[in-house]
Protein chains: 2
Amino acid sequence: MDVRTACLGLLTFGEATGYEIKKAFEDGAFRSFIDASFGSIYPALNKLTEDGHVTCKAMVQDGRPDKKIYSITDAGKSFFKDALQETPQEDKFRSEFLFWMTFSDLMSASRVSGLIDNQIAQYQTKVEELRQLSKTGLQDGEKFVVGFGETIFTATIEYLKTHRHLVEDQFTTEHPLHGGAMAAAE
Amino acid sequence: MDVRTACLGLLTFGEATGYEIKKAFEDGAFRSFIDASFGSIYPALNKLTEDGHVTCKAMVQDGRPDKKIYSITDAGKSFFKDALQETPQEDKFRSEFLFWMTFSDLMSASRVSGLIDNQIAQYQTKVEELRQLSKTGLQDGEKFVVGFGETIFTATIEYLKTHRHLVEDQFTTEHPLHGGAMAAAE
DNA sequence: GCTTCCATGTAATAGGTTACATGATTTG
DNA sequence: CAAATCATGTAACCTATTACATGGAAGC
């Protein structure tokens, strides 16, 4: 899905400015599962206007640039509904961290532990943010998405805590005490 | 992380051709968390050779193009170890499906159910593939990564099964039987 | 006084995907 | 007999990110 379609979708919830759309991507229910920068949102909005999928009314403002409020048109709504009938692109989970973990033997033990600590902290922050969000009045679809995030991020934290030894204990394969096969290593 | 660094990392495991690197990205432990196409791998390998991070020996072959076997150099190894000291880019989970779910009220009930069924099926396939992988002899780092995938994808399936009603029951907000507030809707 | 919020936009750049070209051999 | 596997590579294209430009107001 390109930014253009994502913006169009957001506008089915009501009119908004480019700035507000960006904020919705950052703070909305799908915050963890989508992203777009101004550099892609503003051009997308222009293209949507060209295509007649949205209309734009400029609100003159004091010191700032005119606020441009976009509204979806019937044509836009219809176009978006059609888009919803297409097969969605497969989920993508990209993790440099996990790739790094494959090379834990090339890093110091403290480096590996540090990376995992950071990862856990990051996911804890995400979960807390989602918990806050879920306290606000959400529609069912939003509850579904936020709950999804809470669930899998919590599972992620649990996994990291319970399996970190797999990449942290590489230098002490055998138990340091009473290790039967230690003779060879010494 | 760019494709160049990812290729370099793979080559720390041993020499390989571009073709094999692609396969490793597709079938290896991190299969679900990284991807790269030939169009990016081959140029990356050329650049790495230019930079002295890898060396290349061509194996003449019968009908096919010469097989080019790449090996990492000491300089390359050192470069990669340094790369491992940098802060990894944050995990990214992109899901068009979840974004779509926010608009479940713009879709038919059967469309929503179909999307969820597909999603469950996709994750089940992934989990099965990872289970197969985990039966082969894996290093600790690989076990960690594969286990990660198994765990969170399983959690995903569970969540979808137990919470799908949130987006499937939108047309029957009240319980159809003995719904106290049904009078207004009829 | 510094940072964040508001508000839009453009241009350079980077990075990657897709499709194409080539072609034998093996598997179904 | 068709499809997948092996094997490399290029070029066109697309898309998005980053950094920049502008600048007042409000909060810390």
Side-chain angles (χ1 to χ4, degrees), chain A residues 1-8 10-11 15-28 33-51 54-71 83 87 89-90 92-94 96 99, chain B residues 1-8 10-11 15-28 33-51 54-71 83 87 89-90 92-94 96 99:
Chain A
M1 182 187 42
D2 51 28
V3 175
R4 203 146 80 222
T5 313
C7 289
L8 195 57
L10 259 189
L11 290 171
E15 40 178 44
T17 66
Y19 190 87
E20 286 164 349
I21 289 174
K22 174 89 191 299
K23 270 195 13 189
F25 285 151
E26 277 170 358
D27 310 327
F33 309 110
I34 205 171
D35 62 357
S37 61
F38 284 129
S40 58
I41 291 172
Y42 287 124
L45 252 12
N46 287 331
K47 190 65 176 27
L48 285 170
T49 310
E50 254 183 60
D51 295 347
V54 304
T55 56
C56 167
K57 43 181 177 178
M59 301 285 283
V60 181
Q61 291 199 125
D62 22 325
R64 306 172 199 179
D66 291 357
K67 187 192 273 195
K68 291 187 173 177
I69 304 173
Y70 294 92
S71 313
T87 305
Q89 208 196 303
E90 221 180 308
K92 258 186 196 176
F93 195 142
R94 291 302 105 124
E96 200 168 316
F99 187 64
Chain B
M1 179 188 44
D2 51 27
V3 174
R4 201 146 80 224
T5 313
C7 289
L8 195 57
L10 259 188
L11 290 171
E15 40 177 43
T17 66
Y19 191 85
E20 287 164 348
I21 290 174
K22 174 89 189 302
K23 270 196 14 189
F25 284 151
E26 277 169 359
D27 311 326
F33 309 110
I34 204 171
D35 64 356
S37 61
F38 284 128
S40 58
I41 291 172
Y42 286 125
L45 253 11
N46 288 330
K47 191 66 178 24
L48 285 170
T49 310
E50 253 182 60
D51 295 347
V54 304
T55 56
C56 167
K57 44 180 174 177
M59 300 285 283
V60 181
Q61 289 198 127
D62 23 326
R64 305 172 198 182
D66 292 356
K67 186 191 274 193
K68 290 187 174 177
I69 303 173
Y70 293 91
S71 312
T87 305
Q89 207 196 306
E90 221 181 307
K92 259 187 194 174
F93 195 143
R94 290 303 105 116
E96 200 168 314
F99 187 63

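Every chain is numbered from 1 and lettered A, B, ... according to where its sequence line falls, protein lines coming before strand lines. We use all heavy atoms of the structure for the numbers below, so side chains are in, but hydrogens, waters and symmetry mates are not.
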What N/O pairs connect the protein and nucleotides 10-17 of chain C at under 3.5 Å? Give each pair on its own line.
{"residue": "C/dG16", "atom": "OP1", "partner": "B/Val3", "partner atom": "N", "Å": "3.1"}
{"residue": "C/dT17", "atom": "OP2", "partner": "B/Ser37", "partner atom": "N", "Å": "3.4"}
{"residue": "C/dT17", "atom": "OP2", "partner": "B/Ser37", "partner atom": "OG", "Å": "2.6"}
{"residue": "C/dT17", "atom": "OP2", "partner": "B/Ser40", "partner atom": "OG", "Å": "3.3"}

Take atom [atom1] of [X] and atom [atom2] of [N], then tell me their distance rounded to the nearest Å.
| X | N | atom1 | atom2 | answer |
| --- | --- | --- | --- | --- |
| A/Ile41 | D/dA16 | CD1 | C1' | 11 Å |
| B/Lys67 | D/dG9 | NZ | P | 14 Å |
| A/Leu48 | C/dG9 | CG | C1' | 16 Å |
| A/Phe25 | D/dA16 | CZ | P | 11 Å |
| A/Tyr19 | D/dG24 | OH | P | 17 Å |
| A/Asp66 | D/dG24 | CG | C1' | 14 Å |

Measuring from atom NZ of A/Lys57 to atom CD of A/Glu15, what distance do you get when rounded to the nearest 0.5 angstrom?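 Nearest 0.5 Å value for the NZ-CD distance: 4.0 Å.
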Do [X] and [Y] come close enough that some side-chain heavy atom pair is under 4.5 Å?
| X | Y | result |
| --- | --- | --- |
| B/Thr17 | B/Lys68 | no |
| B/Phe25 | B/Lys23 | no |
| B/Lys92 | A/Asp35 | yes |
| A/Asp66 | A/Met59 | no |
| B/Cys7 | B/Leu48 | yes |

Using the test salt bridge (charged side-chain N to carboxylate O under 4.0 Å, His left out), find all partners of A/Lys22 that sit at least two apart in sequence or belong to another chain.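 With sequence neighbours excluded, A/Lys22 shows a salt bridge (charged side-chain N to carboxylate O under 4.0 Å, His left out) to A/Glu26, given in chain and number order.
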Look at the rings of A/Phe38 and A/Tyr19 and say which category their plane angle falls in: under 30° parallel, 30 to 60° tilted, over 60° perpendicular.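 The rings of A/Phe38 and A/Tyr19 lie parallel, inter-plane angle below 30°.
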Ignoring backbone atoms, test whether A/Lys68 places a side-chain nitrogen or oxygen under 4.0 Å from the OP1 or OP2 oxygen of C/dT8.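 No, outside the criterion.
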Using five pairs at each end of the helix from C/dG1-D/dC28 to C/dG28-D/dC1 to define an axis, what is the angle between those two axes, to 10°?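 It comes to 60° between the two terminal axes.
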For the pair B/Thr49 (side chain) and B/Leu45 (backbone), establish whether a donor and an acceptor sit closer than 3.5 Å, ignoring hydrogens and angles.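 Yes: the side chain of B/Thr49 pairs with the backbone of B/Leu45.
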With sugar-phosphate meaning primed atoms plus P, OP1 and OP2, does A/Lys23 contact a base, only sugar-phosphate, or nothing at under 4.0 Å between heavy atoms?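 Sugar-phosphate only.
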